[in-house]
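Read the structure below first, then the notes.
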2 protein chains.
Amino acid sequence: MESCRLSFIGRKMSTKTIQTESRKNTRGYGAVTIYETLRDEILSLTLQPSELIDEASLAKRFGVSRSPVREALVRLVSESLLQTLPNKGTIVAPLRIEEFPQYVDALDLIQRTVTRLAARNRNATDLQRIRDAQNRFARCVEQGDALGMILVNRDFHIEIAKAGKNHHLVQIYRRLLDDGRRSLRLYFKSYNDSLPSEMNDNHERMIDAIDAQDLDLAERLAREHTTEMQQRFLDYLGARQTADITVSA
Amino acid sequence: MESCRLSFIGRKMSTKTIQTESRKNTRGYGAVTIYETLRDEILSLTLQPSELIDEASLAKRFGVSRSPVREALVRLVSESLLQTLPNKGTIVAPLRIEEFPQYVDALDLIQRTVTRLAARNRNATDLQRIRDAQNRFARCVEQGDALGMILVNRDFHIEIAKAGKNHHLVQIYRRLLDDGRRSLRLYFKSYNDSLPSEMNDNHERMIDAIDAQDLDLAERLAREHTTEMQQRFLDYLGARQTADITVSA
DNA sequence: TGTATGCAGATTGTCGGCAATTTTCCGTAT
DNA sequence: ATACGGAAAATTGCCGACAATCTGCATACA
């Protein structure tokens with residue numbers, strides 16, 4: 001996992017913990033497991049924004065002491081996914097819907113940049129990785145797996161960013177995409193997890209532009225992608241369920 | 001402090017700890033103090049890149065147990081300022097000089113963007129804050145305070161970014177500027193901490209452009225600022241101390 | 001001589017407990 | 001009915017200790 005590499009370098013697996021589930025019980029993976037689980041629950045809205053959580057409950061839930069729980073919480077706080085209320089508890093970072101326009105502006109800028117860079121600097125390996133991600137995405141669409149689709153869509157775009165060969169921008173982009181996961185989840189939920197399939201074509205065209213090293217087209221497609229996402233989200237926010245019902249005076 | 005707000009919300013000072021130094025000894029500030037101290041030492045190169053540190057020594061140095069030390073280290077690891085070697089120790093993140101071109105590219109993009117946004121969205125309060133920072137910067141130049149100059153220069157640019165009114169971009173920009181502090185420190189050290197004063201004029205012109213809402217000029221000046229920094233750094237890397245010495249065959 | 005093995009030292013990861021601080025709730029007086 | 005005061009509950013911040021794991025070195029063995 002990505003977060004693993006962030007905090008542990010060169011950790012070797014002991015030979016007796018080949019099985020996936022027992023690996024997580026190995027010393028050194030307690031805090032990481034909790035971190036990853038909580039992070040995913042926050043971004044998938046399983047834990048609701050502003051929800052209050054406390055260390056003791058989490059310790060009991062994961063069957064460990066408070067130390068690894070605290071480590072996970074500290075990391076999540078430093079990523080602005082949690083906020084600590086001293087001597088009171090910890091809350092999931094509120095979802096500030098009023099910041100959505102700012103978010104779209106920032107995402108658009110970075111997305112255009114990394115996609116353009118990808119068109120310029122991609123090599124054969126990059127293209128293969130991007131296509132792999134796109135194939136996984138298509139499979140999620142087929143199976144109607146909304147959660148998987150959100151995740152793989154993120155991977156797809158990050159692979160593109162990596163092809164741009166600018167580590168700083170990849171990190172910035174990854175963070176922005178993750179920040180948006182909660183809004184995106186909200187949007188999909190509103191459609192009962194049914195999926196728009198146009199995104200598939202959009203992805204394919206983007207791959208072609210990157211392959212052909214058409215910088216301007218790649219950037220334009222990246223912008224379209226953001227704009228479409230924004231429009232869908234605005235439609236969701238503007239949807240009215242009772243517009244055709246007459247209220248008698 | 002900024003980092004305080006990240007992890008603590010609404011903490012009230014108890015009445016008996018008005019004095020600055022005793023405030024740091026108050027419960028809840030142990031980890032924060034260590035975090036801020038270490039962070040500053042890393043970014044100012046007091047702690048050298050790739051230097052190995054261990055929790056026990058830090059605990060002894062700060063006169064606390066390992067718990068608050070660990071909390072500080074976890075935060076620094078999640079900011080990529082430290083790297084953990086499991087069961088072995090923790091090292092200061094290596095300074096990868098080969099990533100400098102990537103860094104400049106990213107900084108240029110974001111700096112141009114936030115400065116342009118500032119010219120568009122600034123109000124009277126923003127301008128006042130920017131001018132305050134610039135005054136503090138000028139004072140550092142007068143006094144020949146190199147370390148202060150680096151810090152206040154950062155504050156100056158962050159105030160500009162804030163005037164752009166995009167929280168995501170401010171956060172991205174802040175992180176990029178901090179990432180560059182170590183390289184910048186390296187550069188100033190090479191000049192025995194003597195200071196180039198042209199930056200003052202550059203800042204003044206930037207303020208004027210933002211005040212006049214000249215978007216293109218502001219962006220151009222921002223780019224110049226980055227380019228100048230890059231050129232100075234390259235000059236430093238290319239500087240030869242023995243070019244005029246003849247070696248007899 | 002080269003390689004495997006085991007022991008000692010060092011460092012981290014985790015645990016249970018205690019104290020400080022805040023919040024909450026209840027009784028009391030106005 | 002409401003404001004005020006104090007005790008109890010809840011929660012975090014910190015501590016000291018223990019165990020697991022890794023490193024390095026000395027030693028035994030082929």
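Order of the sequence lines sets the chain letters (A, B, ...), proteins ahead of strands, with each chain counted from 1.
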Roughly how many Å is it from [atom1] in [X] to [atom2] in [N], rounded to a whole number?
X       : N      : atom1 : atom2 : value
B:Leu85 : D:dC22 : CG    : P     : 13 Å
B:Glu71 : C:dG13 : CD    : C1'   : 16 Å
B:Asp54 : C:dG9  : CG    : P     : 18 Å
B:Ile91 : D:dT23 : CD1   : P     : 14 Å
A:Phe62 : C:dT14 : CZ    : C1'   : 16 Å
B:Glu55 : C:dT11 : CD    : P     : 10 Å
A:Lys60 : D:dA10 : NZ    : P     : 12 Å
B:Leu52 : C:dA10 : CG    : C1'   : 11 Å

If you find the nucleotide of DNA chain C closest to A:Val64 and the one closest to B:Leu73, which residue's nucleotide is nearer the 5' end? B:Leu73
Which one, [options], comes nearest to the side chain of [X]?
X       : options                : answer
A:Arg66 : D:dC14, C:dT14, D:dC15 : D:dC14
A:Ala31 : C:dT14, D:dG13, D:dC15 : C:dT14
B:Lys88 : D:dT23, D:dC15, D:dT12 : D:dT23
B:Ser65 : C:dT12, D:dC15, D:dT12 : D:dC15
B:Thr90 : D:dT12, D:dC14, C:dT12 : C:dT12
B:Ser67 : C:dC15, C:dC18, D:dC15 : D:dC15

Are [X] and [Y] ion-paired here, with the side-chain N under 4.0 Å from a carboxylate O?
X        : Y        : answer
B:Asp145 : B:Arg139 : no
A:Glu79  : A:Arg175 : no
A:Lys88  : A:Asp54  : no
A:Arg181 : A:Asp40  : yes
A:Glu41  : A:Arg61  : yes

